[in-house]
Q: 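This is the structure I want to talk about, given as structure tokens.
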There are 2 protein chains.
Amino acid sequence: MKVTKAQAQANRTRIVETAAQLFRERGYDGVGVAELMAAAGLTHGGFYKHFGSKADLMAEAAASGISQNSAVSSGMNLADFIAHYLSREHRDSLGTGCTIAALSGDAARKPEEVKAKFAVGIENSLAAFHHGESCGKRDRRAEREMMIATFANAVGALVLSRACPDDSPLADEILEVCRKRLLASSPDNAKQEQ
Amino acid sequence: MKVTKAQAQANRTRIVETAAQLFRERGYDGVGVAELMAAAGLTHGGFYKHFGSKADLMAEAAASGISQNSAVSSGMNLADFIAHYLSREHRDSLGTGCTIAALSGDAARKPEEVKAKFAVGIENSLAAFHHGESCGKRDRRAEREMMIATFANAVGALVLSRACPDDSPLADEILEVCRKRLLASSPDNAKQEQ
DNA sequence: ATTATCTATAGATCTATAGATAATGC
DNA sequence: ATTATCTATAGATCTATAGATAATGC
């Protein structure tokens, strides 16, 4: 029943990545350890050789999900990012979409160790668009404020759109209005108005 | 053990209002029926004479919380609303604060009947600031888009701020940056810059 | 010898229901 | 007679632990 060290490490990674998806889809309290382990192809007793508690896994899964999101969006410019972030496709892909948008509400009620991962994730999201090819101190400050406002607006729009009933006109309107406005005020607004 | 019709109605209302607070504080899955009924001063078996299921209560509690929020903010102008909404006090009062910000993430994974209450609540929030003392069709459209973007930005800022660890500088920065920018672009920006 | 995984289970908790009780409302 | 509430419980599920197993890693 034992397994090679590399295999055990791979199993651990698979647990974290499975959790990162299931938690986004159903919330931290919506997925049990047994179901999660079964989804990863293991039995649930083995869980506690990998993690001290479910809360420990929440923190790791948050970091994993955020890092997966960053890998996907890295290399995009701000306009491309906004167009994707505020698309219906992204709204309707809870399990693979933005971890911060999917789980910030849950994270607010979880231990500090979980929230710490979200704070790092938010900082990374802001830094990902550090356009500034060397601008002055004032510009850096202004750009950071712009990124904070833009990200908050995008997260809020996604969260609100998802809280509406399926096929609700309001759900689409929120996405479309915010996408249009954020693209219009984005520094590299040239293409994709859709 | 029976109780007057008026008393039963009062008990029912108390259950809903207690739920509206507890759900905001701990999430829909973080509060059990037994604990909720105890908090309302009743035993949990009685719950099902008032509600068909916990999901039914979620929908009622959402409507109740949203309506309580509206009652508090009605009569405020947009600038006052923003200053309050993006204050540390509001961020730190989960149980009595904005229902939409506290529970939209949870609502996205709940039945359509719950999400329908959120859609109505979002529409009400937008309508609450219908400044327009009779403006043209174009202006009404532009104003609605402005309100959608403003509300999404405010909700996003609150949700992100709450996902950060307590006393995190980032948590305060997000609130302050968004408050400053939304107040600057608000139609009635004259006073309170803080 | 160590340890990753499995089976089995302890002990809590959760939603929901059944049946008794006792006061209201007709 | 109706019904709001209570006590008690069924049946599921949840987190976590204990002990057995068997293959790795020294």
Side-chain angles (χ1 to χ4, degrees), chain A residues 1-20 22-23 25-62 103 106-107 109-114, chain B residues 1-62 103 106-107 109-114:
Chain A
M1 302 247 155
K2 203 188 163 187
V3 112
T4 177
K5 227 168 196 175
Q7 184 57 248
Q9 179 53 47
N11 287 347
R12 188 193 151 97
T13 301
R14 199 170 62 257
I15 296 169
V16 172
E17 288 174 356
T18 304
L22 288 180
F23 284 153
E25 287 172 357
R26 307 218 228 106
Y28 288 127
D29 297 340
V31 187
V33 171
E35 184 196 8
L36 163 69
M37 290 295 278
L42 298 164
T43 58
H44 91 275
F47 178 84
Y48 293 91
K49 276 285 185 311
H50 287 295
F51 307 95
S53 69
K54 187 182 174 184
D56 285 357
L57 174 66
M58 289 179 201
E60 277 209 50
L103 288 171
D106 283 41
R109 308 175 206 113
K110 295 299 174 192
E112 295 288 293
E113 75 187 314
V114 178
Chain B
M1 301 249 156
K2 203 188 164 188
V3 111
T4 177
K5 227 169 195 173
Q7 185 55 249
Q9 179 53 47
N11 287 348
R12 190 195 149 97
T13 302
R14 201 170 61 256
I15 296 169
V16 172
E17 289 174 355
T18 303
Q21 167 154 0
L22 288 180
F23 285 152
R24 274 177 278 183
E25 288 172 356
R26 307 216 228 106
Y28 288 127
D29 295 340
V31 186
V33 171
E35 184 196 9
L36 163 70
M37 290 295 277
L42 298 164
T43 57
H44 93 273
F47 178 83
Y48 294 90
K49 276 284 184 316
H50 288 294
F51 308 95
S53 69
K54 186 182 175 184
D56 285 356
L57 174 66
M58 290 179 201
E60 277 209 50
L103 288 171
D106 283 41
R109 308 174 205 115
K110 295 299 173 191
E112 296 287 293
E113 76 188 313
V114 177

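Proteins get letters first, then strands, A, B, ... in listed order; numbering begins at 1 in each.
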Q: What residues from residues 16-26 of chain B pass a heavy-atom cutoff of under 4.0 Å to DNA chain C?
A: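 The answer is none.
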Q: Rounding to a whole Å, what distance do you find between A:L36:CG and D:dT15:P?
A: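 My rounded result for the distance is 9 Å.
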Q: Please, which pairs that meet ring-ring contact (aromatic ring centres under 6.0 Å, His included) have at least one residue in residues 9-38 of chain B, sequence neighbours excluded?
A: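 Those involving residues 9-38 of chain B are B:F23-B:Y28.
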Q: Students often get this wrong, so: under 4.0 angstrom with heavy atoms, is B:T43 touching a base, only sugar-phosphate, or nothing?
A: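 The answer is base, as B:T43 lies within the cut-off (heavy atoms under 4.0 Å) of a base atom.
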Q: The side chain of A:K5 is closest to which nucleotide in this list: D:dT2, D:dC26, C:dT2?
A: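 From the listed options, D:dC26 comes nearest.
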Q: Round to the nearest Å and state the distance from B:M37 atom CE to C:dT15 atom C1'.
A: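 To the nearest whole Å, that distance equals 13 Å.
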Q: Nearest-Å distance, CD (A:Q9) to P (D:dG25)?
A: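 Taking atom P of D:dG25 as the reference, CD of A:Q9 is at 13 Å.
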Q: With nearest nucleotides of DNA chain C determined for A:L42 and B:V31 from heavy-atom distances, which residue corresponds to the more 5′ nucleotide?
A: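 Closest to the 5' end, via its nearest nucleotide, is A:L42.
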Q: For Watson-Crick and G-U wobble pairs within 3.5 Å on both distances, what is DNA chain C written in dot-bracket notation, | included for inter-strand pairing?
A: ||||||||||||||||||||||||..
Q: For A:T13, check side chain to side chain donor-acceptor pair (under 3.5 Å) against everything at least two apart and list the hits.
A: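 With neighbours one apart ignored, the set is A:Q9.
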Q: Give the nucleotide from the list C:dT3, C:dT15, C:dT24 with an atom nearest to the side chain of A:K2.
A: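 Minimum distance to the A:K2 side chain belongs to C:dT3.
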Q: With sequence neighbours left out, what residues match B:E25 under side chain to side chain donor-acceptor pair (under 3.5 Å)?
A: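 So B:E25 forms a side chain to side chain donor-acceptor pair (under 3.5 Å) with B:Q21.
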Q: Applying side-chain contact (heavy atoms from CB on, under 4.5 Å), can you list everything that pairs with B:A10, at least two apart in sequence or on another chain?
A: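 Only B:Q7 meet the side-chain contact (heavy atoms from CB on, under 4.5 Å) criterion with B:A10.
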Q: If you look at every heavy atom in B:L103 and B:G27, which pair is closest and at what distance?
A: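 Taking every non-hydrogen atom into account, CD2-CA, 4.1 Å.
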Q: I'd like to check the side-chain contact (heavy atoms from CB on, under 4.5 Å) partners of A:A8; sequence neighbours left out, ordered by chain and number.
A: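 Partners of A:A8 by the side-chain contact (heavy atoms from CB on, under 4.5 Å) criterion, ordered by chain and then number, come out as A:V3.
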Q: Taking only side-chain N and O atoms of B:T4, does any of them lie within less than 4.0 angstrom of OP1 or OP2 on C:dG25?
A: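 Checking C:dG25 against B:T4, a side-chain N or O does come within under 4.0 Å of OP1 or OP2.
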Q: Show the atom names and distances, to 0.1 Å, of all donor-acceptor pairs under 3.5 Å that link a side chain in residues 35-51 of chain A to residues at least two apart or in another chain.
A:
unit_1 : atom_1 : unit_2 : atom_2 : d
A:E35  : OE1    : A:R26  : NH1    : 3.2
A:E35  : OE2    : A:R26  : NH1    : 3.1
A:E35  : OE2    : A:R26  : NH2    : 2.8

Q: With sequence neighbours excluded, tell me which residues meet salt bridge (Lys or Arg N to Asp or Glu O under 4.0 Å) with A:E112.
A: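 For A:E112 the salt bridge (Lys or Arg N to Asp or Glu O under 4.0 Å) partners, ignoring immediate neighbours, are A:K115.
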Q: So which of residues 44-57 of chain B are in contact with DNA chain C, with a heavy-atom cut-off of under 4.0 Å?
A: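 The stretch gives B:H44, B:G45, B:Y48, B:S53, B:K54 as the residues lying under 4.0 Å from the strand, ordered by number.
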Q: Of all residues at least two apart in sequence or in a different chain, which pass the side chain to side chain donor-acceptor pair (under 3.5 Å) check with A:K110?
A: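 Testing A:K110 for side chain to side chain donor-acceptor pair (under 3.5 Å), a comparison that skips the adjacent residues, returns A:D29.
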Q: A:K54 and A:V31: which non-hydrogen atoms are nearest, and at how many Å?
A: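 So the minimum-distance heavy-atom pair works out to NZ-O, 2.9 Å.
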Q: Going by salt bridge (charged side-chain N to carboxylate O under 4.0 Å, His left out), name the pairs with one or both residues in residues 10-24 of chain B, residues two or more places apart or in two chains.
A: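 Counting only pairs at least two positions apart or across chains, the salt bridge (charged side-chain N to carboxylate O under 4.0 Å, His left out) contacts touching residues 10-24 of chain B are B:R12-B:E60.
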